[in-house]
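Right, one structure below, let's go through it.
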Amino acid sequence: MMTSTIKINGIYIYAYHGCLPEETKIGGEYIVDVEMLTNVDTSYKSDDLKDTIDYCTIYEIVKKEMAIPSKLIEHVCKRLFDSIKNQFKTIEKIKVCVTKIKPPMNGNVDKVLFELEG
């Protein structure tokens, strides 16, 4: 039995998260990265999508969860983490990272991010 890593990096999403009222009206750019440790031994033999993690399903989960406004990226990150983990029971470990591009702060900051792993 081998454990494999599947990474889906750079999912660009425009969403409406933040504590400031302007953020929930104007929105902003986000990047979501997902890394999963999983056993996909069956897929080596079957060459069938049902025996692995479907990237399109991950994208749809990200799109759906990012569409629900949250004040904190920590909150949306945990929703993503739980939704993906619940969808794919073969995931042994998952890491989700939500990056907020150009957050409104009192300074020039490129991005802030929150990462959850377990």
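A salt bridge links E117 with K93; the closest basic N to acidic carboxylate O contact falls under 4.0 Å. Looking at K100 and E23, a side-chain N of the basic residue comes within less than 4.0 Å of a carboxylate O on the acidic one, giving a salt bridge. Using a cutoff of 4.0 Å between basic side-chain nitrogens and carboxylate oxygens, D33 and K7 are not scored as salt-bridged.
Interatomic distance, SG of C77 versus NZ of K95, reported as 11.5 Å (0.5 Å rounding). We find the CZ-CD1 distance between R79 and I84 to be 12.0 Å, quoted to the nearest 0.5 Å. Summarising the geometry, atom CG belonging to D82 is positioned 11.0 Å from atom CD1 belonging to I61; distances are rounded to the nearest 0.5 Å.
Between the side chains of T38 and E92, no donor N or O sits under 3.5 Å from an acceptor N or O. Looking at N39 and T90, their side chains never bring a donor and an acceptor atom within 3.5 Å of each other.
Nearest heavy-atom pair across G10 and I31 is CA-CG2, 3.6 Å. The minimum heavy-atom distance between Y16 and P69, with the atom names listed, is O-CB, 3.4 Å. Of all heavy-atom pairs spanning H17 and I68, the tightest one is CE1-O, 3.0 Å.
Between Y14 and Y12, the ring center distance fails the sub-6.0 Å criterion.
The stretch residues 95-118 participates, sequence neighbours left out, in no ring pair (Phe, Tyr, Trp, His ring centres under 6.0 Å) pair at all.
Environment of CG in D47: sparse, with no more than 12 heavy atoms of neighbouring residues, nucleotides or ligands closer than 6.0 Å.
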